[in-house]
2 protein chains.
Amino acid sequence: MTVWDRPEPPTHPVPLDRERIVAAAIALADEGGLEAVSVRKVAARLNAGPMRLYGYISTKQELFDLMVDEVHAEILPEEQPGDWREALRVLAHHTRQAALRHEWLADLLGGRPTLGPNGLAVTEAALAALDGLADIDTVMRAVETVSAYFTGAIRREIANLRAERATGLSKRDWQRASGPHVTRMLATGRFPALAKAVYDGTDVDAETSFTTGLDWVLDAVAAKLTRP
Amino acid sequence: MTVWDRPEPPTHPVPLDRERIVAAAIALADEGGLEAVSVRKVAARLNAGPMRLYGYISTKQELFDLMVDEVHAEILPEEQPGDWREALRVLAHHTRQAALRHEWLADLLGGRPTLGPNGLAVTEAALAALDGLADIDTVMRAVETVSAYFTGAIRREIANLRAERATGLSKRDWQRASGPHVTRMLATGRFPALAKAVYDGTDVDAETSFTTGLDWVLDAVAAKLTRP
DNA sequence: TCTCATATCGATACACTGTATTTCTCCCTT
DNA sequence: AAGGGAGAAATACAGTGTATCGATATGAGA
């Protein structure tokens, strides 16, 4: 690789904005997880010096906030279904799908209040779906409850998915036989209910489990709405 | 601080075990959050060299796993209430209280499968509470749903609490008037439902909100149990 | 058009991180 | 008493987030 092969470096600094920075950071995170996102690497991907980013963000945490907000744009449904139940379901599933596309989202979900424009828009969509169907306090409680559920469920799903990938075993195999630790623990007899669950339970796929729990929670919300 | 004031360093290396290591790590995390936990600092607190710890754990992540499991010992109820509903409620509240005592727990909750002895014991307790009240699959779904809820709810609560501390404003004040960003966003009129919630909603304390949502979810579980 | 001021970008610097590897020291066995 | 082996400590490395500072390039003013 001689001088002649290499292009001259750009004389003008490459133009930058938050959008480009966030896109680069998301690309890095999609490829290598959250810990692959470093200020230096993001800057390098943009042909800029690391310190340059600090004109646009003042802390790495803020970069994460921007990334989360950016993904919330994917979560926001293009058009709001009329049915409140369907609206909340769509929000939950969109969030889950976003987390499957961007697994690092699971690490950040629920970790900080989402105050970016897209985050607020998602909250607005959730509140709007229930608007008028009950007093405002009930509506708030409903939104909080549903989103607490799917936040937790998504985190667990991704955590399990990573564990499966790391061990190369499906959750089932790994609990059943090949996971030395768990097998040993179950064999002690100290966890009879857990053993029964592992050995007698049918293992449903993650999406079904997610949907089932979601429907239960939505049922609960429905019950509170009808009785204001 | 002259030589004469300082005691001689111990000639024999201080004895170590996982328990001591985890206790030191938890103490550090309680004082300064998760990011205050570094291998060097944990080791220093034990009068040991950093590398010593790697005889007991093989990665820092494993230290976090041990910390989480240790806290699960606080979560486990000393005696199981007969009522399934009460049992799950206690589990949820104990988890919440543990997270209030150890805020760093919120950062880790749901992040990885909890396979330590105490983590398994907590899961066992949850499953045992519902054992026999429905088919095993329903029971599993119920436990998953409830724990997804309280995991998510606790994370949000801690996230809000930190935000309030950081700004010095209560969530209410901060949304209402003093939070420049949120105020500005609400003033745009793009978030009518959100604005209504902020201005017309009564702000309940975190515990009430937690309990309310939990009861809803438990209602949903109850509904599924009675109809097997 | 030339000079100076100001803003911005990049380089350097610092204190720290997790962890691999090497060096040393002390104890036990022969 | 000597040798060997285990385990602790020191060193080393490749990174990290971010403060600070020096150079540079661009705009304004004369």
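Every chain is numbered from 1 and lettered A, B, ... according to where its sequence line falls, protein lines coming before strand lines.
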Hits for side-chain contact (heavy atoms from CB on, under 4.5 Å) against B:T151, two or more places apart or cross-chain, chain-then-number order -> B:L109
Looking only at atom types and distance, does a side-chain atom of [X] sit under 3.5 Å from a main-chain N or O of [Y], one as donor and one as acceptor?
X	Y	result
B:H94	B:I75	yes
A:R155	A:A106	yes
A:E124	B:L194	yes

Under 4.0 angstrom between B:K41 side-chain N/O and C:dT17 OP1 or OP2: yes
Taking only residues at least two apart or on different chains, which pairs with a member in [range] satisfy salt bridge (charged side-chain N to carboxylate O under 4.0 Å, His left out)?
range	result
residues 143-152 of chain B	B:R141-B:E144
residues 13-22 of chain B	B:D17-B:R20
residues 103-120 of chain B	B:D65-B:R112, B:E103-B:R162, B:E103-B:R165, B:D107-B:R162

Return the angle between end axes of the helix from C:dT1-D:dA30 to C:dT30-D:dA1, with five pairs used per end and rounding to 10°.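 Result, rounded to 10 degrees: 20°.
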Taking only residues at least two apart or on different chains, which pairs with a member in residues 24-37 of chain A satisfy side chain to side chain donor-acceptor pair (under 3.5 Å)?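 Qualifying pairs: A:D30-A:H102, A:D30-A:W104, A:E31-A:R45.
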Side chain to side chain donor-acceptor pair (under 3.5 Å): which pairs involve residues 48-61 of chain B, sequence neighbours left out?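 The answer is B:S58-B:E62.
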Is the Lys NZ or Arg CZ of B:R96 less than 6.0 Å from the centre of B:F210's six-membered ring, within 45° of the axis?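 Here B:R96 passes the 6.0 Å and 45° test against B:F210.
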Under the salt bridge (Lys or Arg N to Asp or Glu O under 4.0 Å) rule, collect the residues that match up with A:D69, sequence neighbours excluded.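 By the salt bridge (Lys or Arg N to Asp or Glu O under 4.0 Å) rule, A:D69 matches no residue at all.
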Mind checking side chain to side chain donor-acceptor pair (under 3.5 Å) for B:T212 and listing every partner two or more places apart, or none if nothing turns up? none
Near DNA chain C, which residues from residues 22-36 of chain B have a heavy atom under 4.0 Å away?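 DNA chain C contact set from residues 22-36 of chain B: none.
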Contact list for DNA chain C against residues 54-63 of chain B - heavy-atom distance below 4.0 Å: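 The answer is B:Y54, B:T59, B:K60.
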Base, sugar-phosphate, or nothing: which does B:V42 touch, judged by heavy atoms less than 4.0 Å apart? nothing
Got a list of protein N/O to nucleotides 10-12 of chain C N/O distances below 3.5 Å?
from, atom 1, to, atom 2, distance (Å)
C:dG10, OP2, A:G49, N, 3.4

Flag the pair B:V122 / B:T114 as yes when at least one side-chain heavy-atom distance between them is below 4.5 Å, and no otherwise. no
